[in-house]
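Below is one structure, written out as structure tokens; comments come after it.
Chain letters run A, B, ... following the sequence lines, proteins first and then strands; every chain starts at 1.
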Number of protein chains: 2
Amino acid sequence: MGTAGANLGAVRSHNAALVLGLLRDAGAEGISRLELAERTGLTPQAVSKITARLREEGYAAEAGRRASTGGKPRTVLRLVPEAGHAVGVHLDRDELRVVLVDLDGAVVAQRRAELDLGARAEAVLGVVAEAVEELVGEALGLGDEGLAGAGTLLGVGVALPGPLDHSRGVLHRVTGFPEWDGFPLRDALGERLGVPVVVDKDTNAAALGLSVGGEAGSRSFAYLHLGTGLGAGLVIGGRVHRGARTGAGEFGHQVIQLDGPLCECGNRGCVEALCLAAVGRGEPGEAARVLGVGAANLVALLDIDVVLLGGRTVAGEPGVFVRGVEDVLDARARRAGARGEPVPVRSSTRGERLVAEGAAQLLLAPVFGRGDA
Amino acid sequence: MGTAGANLGAVRSHNAALVLGLLRDAGAEGISRLELAERTGLTPQAVSKITARLREEGYAAEAGRRASTGGKPRTVLRLVPEAGHAVGVHLDRDELRVVLVDLDGAVVAQRRAELDLGARAEAVLGVVAEAVEELVGEALGLGDEGLAGAGTLLGVGVALPGPLDHSRGVLHRVTGFPEWDGFPLRDALGERLGVPVVVDKDTNAAALGLSVGGEAGSRSFAYLHLGTGLGAGLVIGGRVHRGARTGAGEFGHQVIQLDGPLCECGNRGCVEALCLAAVGRGEPGEAARVLGVGAANLVALLDIDVVLLGGRTVAGEPGVFVRGVEDVLDARARRAGARGEPVPVRSSTRGERLVAEGAAQLLLAPVFGRGDA
DNA sequence: GCACTTTGGCAACAGCGTTGCGAAAGTAGG
DNA sequence: CCTACTTTCGCAACGCTGTTGCCAAAGTGC
């Protein structure tokens with residue numbers, strides 16, 4: 001909350017979001033009122049009131065009972081996934097992916113199309129808007145008012161490469177496409193569609209998607225994406241860390257070789273340049289080692305729990321990259337005399353829809369109490 | 001708050017802490033009820049109630065009036081600094097510093113002594129406990145119950161070098177002094193003194209001290225300390241970032257030269273090794289450049305506002321280091337096509353008491369709503 | 001001196017989670 | 001099948017929060 005005062009309305013929505021989040025995490029199995037009370041620290045009676053409200057509003061429902069432990073059996077509650085939906089858009093250099101997900105994050109409908117991100121901004125905007133409207137129309141139906149008529153639609157999340165201003169929804173630039181410099185994507189698309197729009201970097205969306213899916217299994221992790229470039233999404237304490245100017249996660253141009261080879265960004269010895277050069281030479285092991293050095297720096301600096309790897313290059317040989325990065329992390333941890341578990345490294349098992357699904361989570365996260373992360 | 005439910009008690013203490021924080025930030029100038037209302041988003045009437053409680057408890061007081069703007073002039077409120085005190089202890093390899101500060105963070109009394117951190121843990125503990133008791137006794141007076149009798153004393157914060165577990169208050173190791181491995185400093189000292197004790201790394205304490213003093217002028221900054229070693233304290237969004245295992249801030253052993261010279265930690269190409277080697281060769285400019293590369297990595301990764309430099313080596317030639325780091329940051333920002341202000345670099349103007357004062361803030365921060373940061 | 005503006009407290013209020021108690025819905029034993 | 005017991009969960013009363021409506025206090029400006 002930062003410097004904001006808390007009033008009773010804030011308490012209500014905070015607790016409601018907390019309960020909704022626990023309901024989601026419980027999945028199909030459901031969760032009882034008493035478990036909710038234990039997890040939140042609230043009294044059972046308060047949980048009953050909160051869940052009663054949620055049931056009235058259609059967000060929660062009863063779903064059977066547990067076995068009795070000698071008395072009245074616990075009633076199990078679950079999230080009603082159809083109570084809310086969000087659209088996730090992944091804009092890549094040559095491809096457009098749109099997904100419609102429900103409150104559970106499950107993909108209800110999707111669409112893929114070729115795209116030329118180098119075309120005029122207005123034209124691209126039109127293609128995106130059309131795709132979104134068609135997808136939502138087919139899956140949920142539209143009222144006379146267009147998307148705003150689809151009652152359960154919370155909004156549209158858009159993820160794309162390149163630096164941008166998340167809080168204002170303005171693109172800084174999209175590498176190689178000067179057309180987009182300074183384009184106010186959020187407001188332009190929001191006006192066109194008539195629903196809330198949120199914009200974020202693709203790596204942040206991916207990290208958010210992983211944090212929700214439970215795949216990360218951690219509240220603090222780094223997602224490193226190695227594809228045509230190298231970027232990172234940081235999740236710290238369950239929230240995507242974007243930094244003061246929402247530009248955090250510039251991992252590719254971390255310098256790890258003083259006065260090393262020139263990178264196209266103008267610096268020398270960037271991880272990205274070294275890593276991609278090794279890949280180009282057909283030495284994935286060396287690429288993994290370089291990536292590992294960067295990852296180890298990050299782990300030491302922020303003390304995170306898990307490192308997740310993803311992207312096309314990693315997907316080609318996941319084992320090599322996971323092992324390579326792991327080796328560097330383990331060696332450094334041992335030298336530092338670390339106690340406890342080593343920091344695990346995994347490759348993301350989610351497919352090519354990860355970024356689009358994460359983009360949709362940009363709108364679902366606030367519902368479940370993850371602030372604006 | 002994380003996953004904790006909010007009840008009315010939580011709301012009260014949250015809002016009270018918020019108001020106290022604003023009162024502190026206003027300093028001697030004070031702040032009016034209406035300004036407090038604007039800053040917190042609460043209604044003026046709520047602020048009146050909250051400040052009435054704080055005045056009853058002795059934490060706040062009226063302090064004159066502002067000039068009228070056409071009506072009843074605003075009453076100015078201020079913090080009552082004497083309402084609370086905290087002790088800050090800085091344990092260094094050869095020195096012990098103890099300060100007693102009031103709610104404003106102003107040093108009320110202090111003490112300095114030689115210390116051999118290599119001595120037996122129990123012996124060191126005794127020296128520390130005695131120094132704290134004497135200092136507090138002289139300044140505040142002790143009851144029959146020792147420190148616990150000094151009514152306004154919130155507790156003792158201890159800062160020292162080396163990795164440790166902040167949440168449990170256990171030292172991992174103190175470089176060069178195996179005696180301390182695994183020593184439960186917080187509980188041992190807490191039992192001895194009979195008041196709450198909090199333990200943290202010296203760099204974290206320094207960063208906390210800077211964030212409170214307003215010197216940082218930012219809610220997200222990095223404090224880089226270059227002395228006998230090189231370490232960092234990170235403040236993100238107004239809170240000290242400690243990470244999952246409270247080991248964050250390992251800046252000195254960030255690798256910035258792949259397969260570079262061997263560092264005493266066993267890695268190759270650490271910033272610390274490169275930086276200190278340059279200092280040893282009498283090339284502070286090169287040391288600053290190396291430090292700048294590490295700082296630029298950190299700034300890009302986390303997107304922080306300000307970089308603050310400190311420590312004996314920096315204090316020797318502050319201009320050289322500030323300029324050297326600044327040059328690297330500026331050059332990289334320009335290449336990245338950054339817009340807006342460049343990230344400023346400053347050297348800390350606080351003296352040798354910075355760490356001890358920051359250690360005291362470990363206990364004051366919760367009073368002003370900074371969670372446990 | 002009068003009209004006006006602004007501040008800030010008093011009292012009534014709505015809404016939050018909490019507490020006390022009882023109904024509902026099971027199990028275990030005769 | 002009935003009784004005794006345990007556990008779950010909702011209703012009603014409660015205490016406390018910040019909010020709202022109203023009015024007194026304390027200035028300025030004509």
ask   = Heavy atoms, side chains only, cut-off 4.5 Å: are B:Leu189 and B:Val199 in contact?
value = no
key: Contact check, side chains of A:Arg242 and A:Asp200, non-hydrogen atoms, under 4.5 Å   = yes
inquiry  = Heavy-atom nearest nucleotide on DNA chain D for A:Glu62 versus A:Asn7: which residue maps closer to 5'?
reply    = A:Glu62
From [atom1] of [X] over to [atom2] of [N], roughly how many Å is that when rounded to an integer?
X	N	atom1	atom2	answer
B:Arg74	C:dG9	CZ	C1'	17 Å
B:Leu18	D:dT17	CG	C1'	15 Å
B:Leu54	C:dG8	CG	P	16 Å

Check [X] against [Y] and note the closest heavy-atom contact, atom names and distance.
X	Y	value
B:Leu54	B:Val19	CD1-CG1, 3.8 Å
B:Gly247	A:Asp303	N-OD2, 2.7 Å
B:Leu103	B:Arg24	O-CD, 4.0 Å
B:Gln361	B:Gly105	NE2-CA, 3.6 Å
B:Arg33	B:Val47	O-CG1, 3.6 Å
B:Ala159	B:Ala205	CB-CB, 3.6 Å

Using a cut-off of strictly less than 4.0 Å, decide whether [X] has a side-chain nitrogen or oxygen near OP1 or OP2 of [N].
X	N	answer
B:Thr75	C:dG8	yes
B:Ser48	C:dG8	no
A:Arg65	C:dG26	yes
A:Thr43	C:dG17	no

query = Near DNA chain D, which residues from residues 22-41 of chain A have a heavy atom under 4.0 Å away?
reply = A:Arg33, A:Leu34
task = For B:Arg186 and B:Ser167, indicate whether the former's side chain and the latter's backbone hold a donor-acceptor pair under 3.5 Å.
result = yes
Side chain of B:Gln45 - closest among D:dC9, C:dG8, C:dG9 = C:dG9
Between the protein and nucleotides 14-16 of chain C, list the N/O to N/O atom pairs that are separated by less than 3.5 angstrom.
residue : atom : partner : partner atom : Å
C:dC16  : OP1  : A:Arg12 : NE           : 2.8
C:dC16  : OP1  : A:Arg12 : NH1          : 2.5

Nearest-nucleotide comparison on DNA chain C, the residue closer to the 5′ end among A:Val47 and A:Pro73 = A:Val47
